[in-house]
Amino acid sequence: MASCTPDGLLPIVVLISGRGSNLQAIIESIRNHQLPVEVRAVISNRRGAQGLEHAHYAGLPTATLEHGAFHSRGEFDEALCRLIDSFSPRLVVLAGFMRLLSAAFVAHYEGRIINIHPSLLPAYRGLNTHQRALNDRACEHGASVHYVTAELDDGPVIIQGRVPVLRGDSVDTLADRVLEQEHRIYPLAIRWIAEGRLAMKHNTVYFNGEPLSAPHQLAYNRDDDRR
Ligand code: GAR
């Protein structure tokens with residue numbers, strides 16, 4: 001699946017809706033020569049999304065397609081599909097793209113679309129994951145990178161970054177701890193795909209040609225909280 005540009009870079013399109021810190025982590029990994037990808041475009045469904053600033057600053061092409069301008073989810077998804085395909089990416093990267101996607105859209109990109117979600121899936125699909133982990137007095141929380149399927153925040157998980165939930169945590173402190181893991185696991189998963197080490201076929205993730213029996217796990221480094 002991961003066929004590259006002549007210079008060996010995997011062409012990707014990144015979809016955002018807001019802050020864009022995961023986009024920024026991808027940009028920094030590229031800058032540090034740790035991520036052999038070419039970001040063909042950053043597309044937002046919200047005008048003025050903060051992440052578009054990161055893209056402009058990095059000299060990346062951007063586009064905005066506001067979902068409110070369309071009569072239906074289907075029409076928006078079709079237009080989004082056409083826009084994405086005009087950049088000919090081999091991988092679509094959802095980085096805080098807060099829109100439900102239709103089954104037709106997901107089927108079009110089957111095996112070529114990944115998402116990051118702020119929980120240890122299958123726990124806490126959907127919104128307010130940090131608050132829900134605190135409400136449950138969970139001992140552990142984290143983030144997951146997964147291939148996208150038609151079900152919300154579902155699809156085979158590639159890698160998870162785990163963090164402890166500490167006494168006295170608020171939504172903000174817990175979200176910050178999880179976000180640090182997100183910024184590690186997302187560039188890593190994309191790198192594996194760019195290197196041709198990772199693929200999804202028939203809903204199974206293959207890593208180095210072998211079915212992945214459980215997601216990769218990135219352990220928490222306690223020093224992260226002292227920085
Ligand atoms: C991230 O925490 C990401 O995991 C989450 O949105 C945030 C976007 O932050 N995504 C979802 O909840 C998807 N279900 P960012 O804009 O700073 O990358």
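Both ligands and their constituent atoms are indexed starting at 1 by order of listing.
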Which atoms of ligand 1 have any heavy atom of Ser21 under 4.0 Å away? 15 (P), 16 (O), 17 (O), 18 (O)
Ligand 1 atoms nearer than 4.0 angstrom to some heavy atom of Gly96 are 6 (O), 8 (C)
Indicate, as side chain, backbone, both or neither, the part of Asp153 found under 4.0 angstrom from ligand 1 when only non-hydrogen atoms are considered. side chain
Return yes if a side-chain donor-acceptor contact under 3.5 Å exists between [X] and [Y], otherwise no.
X: Asp169; Y: His141; value: no
X: Gln34; Y: Arg191; value: no
X: Asp172; Y: Ser170; value: no

Which residue owns the protein heavy atom closest to [atom], what's the atom, and how far is it?
atom: atom 12 (O) of ligand 1; answer: Pro118 CD, 3.2 Å
atom: atom 9 (O) of ligand 1; answer: Arg19 NH2, 3.1 Å
atom: atom 13 (C) of ligand 1; answer: Ile116 O, 3.7 Å
atom: atom 14 (N) of ligand 1; answer: His117 ND1, 3.0 Å
atom: atom 4 (O) of ligand 1; answer: Glu182 OE1, 2.8 Å

Within the structure, is a non-hydrogen atom of Met98 found at a distance of less than 4.0 Å from ligand 1? yes
Close N or O approach (Gly20, ligand 1; < 3.5 Å): yes
Do any nitrogen or oxygen atoms of Asn115 lie less than 3.5 angstrom from nitrogen or oxygen atoms of ligand 1? no
Fit a plane to each ring of Phe207 and His216, take the angle between them on a 0 to 90° scale, and name the class: parallel (under 30°), tilted (30 to 60°) or perpendicular (over 60°). perpendicular
Distance, nearest 0.5 Å, that separates [atom1] of [X] from [atom2] of [Y]:
X: Ile190; Y: Glu195; atom1: CD1; atom2: CD; value: 12.0 Å
X: Tyr220; Y: Arg177; atom1: OH; atom2: CZ; value: 5.0 Å
X: Ile159; Y: Gln217; atom1: CD1; atom2: CD; value: 8.0 Å

For the backbone of Ala104 and the side chain of His108, can you confirm whether one donor and one acceptor N or O come within less than 3.5 Å of each other? no
